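This structure is a prediction, so every number in the text was calculated from the model and none was measured.
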Amino acid sequence: MSFYKTSQEILTERLRAALESMDLSPDFALITMTADPRFGDYQTNAAMVAAKHHKKNPREIAAQLVAHLNVADCSERPEIAGAGFINFRLQKTFLEKKIDELHRDPRLGIPKTPQPQTIIIDFSSPNIAKTMHVGHIRSTILGESLARIARFLGHQVITDNHLGDWGTQFGKVIYGFKHLLNKESLEKNSIQELVRLYREVNDLEEKDPRLKVSVREELVKLQKGDEENLDIWKKVVALSWQEFEKLYHVLDVSFDERLGESFYNNALEPLVKRLLAKSIAQKSEGAVAIFFPHHPTLEEKPFLIQKTDGGFLYATTDIATLEYREQRWHPDAVWYVCGAPQQLHFEQLFAVACKLGLTSDFRHIAFGSILGEDRKMMKTRSGENIELGSLLQEAIDRALKIVNERNPDSSDEEKRKIATTIGLGALKYSDLMQHRMTDVIFSWDKMLSFQGNTAPYLQNAYVRIRSIFRKEGLEQEERKFSSPILITEEAERRLVLQLLQFGEIIPSILVDARPNILCLALYELANKFHYFYEHCPILKSEESIKESRLALASVTASMLKQGLHLLGIQVPEKM
RNA sequence: GCGCUCGUAGCUCAGGGGAUAGAGCAGGGGAUUUCUAAUCCCUUGGUCGCAGGUUCAAAUCCUGCCGAGCGCACCA
């Protein structure tokens with residue numbers, strides 16, 4: 001357990017002390033990074049806020065605050081500027097001390113949360129007997145990244161893949177399985193064959209509506225536990241999961257649980273009965289619904305939990321899931337990483353949770369859509385969803401083409417490995433770097449362009465560092481440097497400051513589930529490293545400077561690797 | 001009709017009470033006997049959709065309007 005304190009924490013403590021000694025509320029002590037280096041490294045508006053509160057002159061309060069501030073060990077003399085800002089510029093020796101602490105810290109100066117929580121993250125959730133497509137990518141990548149970040153910060157995280165493994169589609173699939181199956185095709189490409197069956201039954205139904213009766217019978221038989229249909233169902237689930245697992249493996253994504261909808265099957269009927277008995281739900285037009293008469297926006301939006309024909313719905317399963325998770329894990333928070341179009345559903349679901357007396361912090365981590373360059377939902381030419389598998393393959397293929405041009409000397413094996421790291425990294429990063437609510441306009445050229453805020457740009461910074469160490473014959477031991485890091489150039493100062501700020505930035509990601517904050521920080525880190533790299537020779541420098549710069553490069557590499565890891569992105573050794 | 005989300009540079013996006021609104025791409029100009037130029041430096045470009053309001057301070061919060069997308073009873 002490290003007792004590492006960030007610069008922000010130290011300044012905040014000092015500011016609180018100063019405020020208290022002036023009989024002002026320490027709650028005014030808010031320290032932020034400056035937007036512009038001209039104003040120093042950190043700033044506070046405390047004087048303005050306090051002045052407002054006590055109807056005094058902000059610049060006078062600022063002057064008094066500065067007089068009471070004890071920061072001689074970390075900051076240059078604080079400066080008062082503008083309407084009453086107090087600006088801090090950290091001392092060189094302080095920065096050197098902090099970066100040395102960070103260098104020795106296995107957590108790279110990123111503190112664990114003081115209040116660890118149990119957090120369930122529900123993400124990805126594809127449908128069985130269908131292919132995963134672009135629509136699943138944001139949930140999968142965002143969810144995985146949030147899970148990694150929350151875990152790293154010390155939370156207990158349970159990831160759950162809530163598979164769509166039960167539902168009306170199985171009537172069609174089972175009917176097709178019995179009458180139209182191509183066994184060879186099932187072995188070769190199981191999901192494709194299952195999708196084909198589903199579509200063919202769909203088409204046949206349209207031509208001959210009488211077929212619907214038979215399809216419906218298969219579904220009912222399955223729901224009643226018919227052995228043959230249950231076997232087919234199990235087989236379909238297993239085959240689908242196999243295919244999903246391949247994709248998750250490629251994506252480097254894993255789950256603690258995969259409790260699909262079928263898991264809650266037996267809970268649904270008693271659940272609806274119970275909700276009716278408690279008058280939380282009511283019969284309505286032959287169906288069963290939950291109403292929210294006192295809710296400002298939901299009063300005209302019923303939440304349906306049982307159909308007229310007795311069947312249950314998505315909502316029913318979700319309520320059962322809510323209760324199951326509560327009983328088993330007693331979570332402090334439950335995060336649903338699911339697209340923005342489903343906001344109403346979650347608003348209703350959480351309102352039900354409230355009626356049931358569940359008090360976890362339920363959050364719908366919503367995100368925008370992935371659009372084509374025409375700004376319409378991304379589809380293939382024939383109007384179908386783009387399969388995730390082919391998307392991943394294309395990312396790798398496109399990267400391979402570039403790697404072939406840049407590294408003609410590497411072995412094919414090595415090139416493929418590099419291309420995989422770069423291609424998938426680019427794809428994931430292009431998704432995570434944007435604010436999650438903004439629609440992504442999908443562009444291969446942009447994400448793989450290697451310029452600007454892209455994964456390859458970050459990976460390249462890492463590769464440059466590794467190359468230096470290779471040249472020195474220190475390939476594996478980059479962290480063994482314990483020589484002090486000296487700040488002799490502005491480029492070094494900027495880089496050090498950026499490195500130190502990760503301890504402040506990373507915990508803030510979870511406030512609103514926004515890994516794009518981390519992306520931006522990593523981009524700035526890479527940018528500052530490149531600047532340092534151009535301006536400060538390392539290997540050619542005189543011994544103590546060389547050791548210092550090697551150490552600085554080493555910490556930078558560790559931070560890049562760790563930061564990208566938290567995004568679910570890997571780094572290549574060469575590229 | 002009700003609701004949700006979005007509207008910032010030519011394009012793609014950050015910033016979501018704090019100082020003169022920032023990046024990248026595209027456009028213009030420069031740097032390479034290399035520690036990987038997949039890089040770096042300089043530069044052009046903005047009525048933050050519009051109108052009010054709150055505030056010492058608004059791109060940011062509130063209200064209204066305009067525009068786009070999405071969702072609203074038996075799919076998930």
Task: Below 4.0 Å: OP1/OP2 of B:U39 and any side-chain N or O of A:Y462 - done: no
TODO: Would you classify A:D309 as touching base, sugar-phosphate or nothing, given that sugar-phosphate means primed atoms plus P, OP1 and OP2, and contacts are heavy atoms under 4.0 Å?
DONE: nothing
Task: Shortest side-chain distance from A:L344, nucleotide among B:A73, B:C72, B:A38 - done: B:C72
- [ ] Would you classify A:C536 as touching base, sugar-phosphate or nothing, given that sugar-phosphate means primed atoms plus P, OP1 and OP2, and contacts are heavy atoms under 4.0 Å?
- [x] base
Open item on the list: What's A:A81 touching, base or sugar-phosphate or nothing? Going by heavy atoms closer than 4.0 Å.
Closed with: base
Task: Residue A:Q343, side-chain heavy atoms: nucleotide from B:G3, B:U5, B:A38 that is nearest - done: B:U5
Task: Minimum-distance nucleotide (side-chain atoms of A:T438 versus B:A38, B:A19, B:A14) - done: B:A14
- [ ] Can you figure out which of B:G3, B:A38, B:C13 approaches the side chain of A:I441 most closely?
- [x] B:C13
- [ ] Looking at every strand, decide which applies to A:F85 at a 4.0 Å heavy-atom threshold: base, sugar-phosphate, or nothing.
- [x] base
- [ ] May I ask you to verify if any side-chain N or O of A:K446 is less than 4.0 angstrom from the OP1 or OP2 atom of B:C13?
- [x] no
- [ ] Could you check which of B:C40, B:A76, B:A73 has an atom nearest any side-chain atom of A:E285?
- [x] B:A73
Open item on the list: Can you tell me which nucleotide in B:C41, B:A14, B:U5 comes closest to the side chain of A:M437?
Closed with: B:U5
Task: A:K52 side-chain N/O to B:C56 phosphate OP1/OP2 under 4.0 Å - done: yes
Task: Candidates A:W335, A:F362, A:F303, A:F292 - the one meeting ring pair (Phe, Tyr, Trp, His ring centres under 6.0 Å) with A:F350 - done: A:F362
Open item on the list: Heavy-atom nearest nucleotide on RNA chain B for A:M377 versus A:R514: which residue maps closer to 5'?
Closed with: A:R514
Task: Side-chain heavy atoms of A:L142 within contact of A:P515, under 4.5 Å - done: yes
TODO: Classify the nucleic acid contact of A:Q451 as base, sugar-phosphate or nothing, counting any heavy atom under 4.0 Å across all strands shown.
DONE: sugar-phosphate
Open item on the list: Mind checking if A:M48 touches a base, just sugar-phosphate, or nothing, with heavy atoms under 4.0 Å?
Closed with: base
Open item on the list: Once you apply a heavy-atom cut-off of 4.0 Å, does A:D36 come out as touching a base, just sugar-phosphate, or nothing?
Closed with: nothing
Task: Check ion pair A:R375-A:D439 (N to O, under 4.0 angstrom) - done: no
Open item on the list: At less than 4.0 Å, is any side-chain N or O atom of A:H345 found next to OP1 or OP2 of B:G71? Yes or no.
Closed with: no
Open item on the list: Can you tell me if A:N45 touches the phosphate of B:C56, counting only side-chain N or O atoms and a distance under 4.0 Å to OP1 or OP2?
Closed with: no
Task: Among B:C13, B:G18, B:C75, the one nearest A:K307 by side-chain distance - done: B:C75
Open item on the list: Over all strands shown, is A:L304 touching base, sugar-phosphate only, or nothing at heavy-atom distances under 4.0 angstrom?
Closed with: base
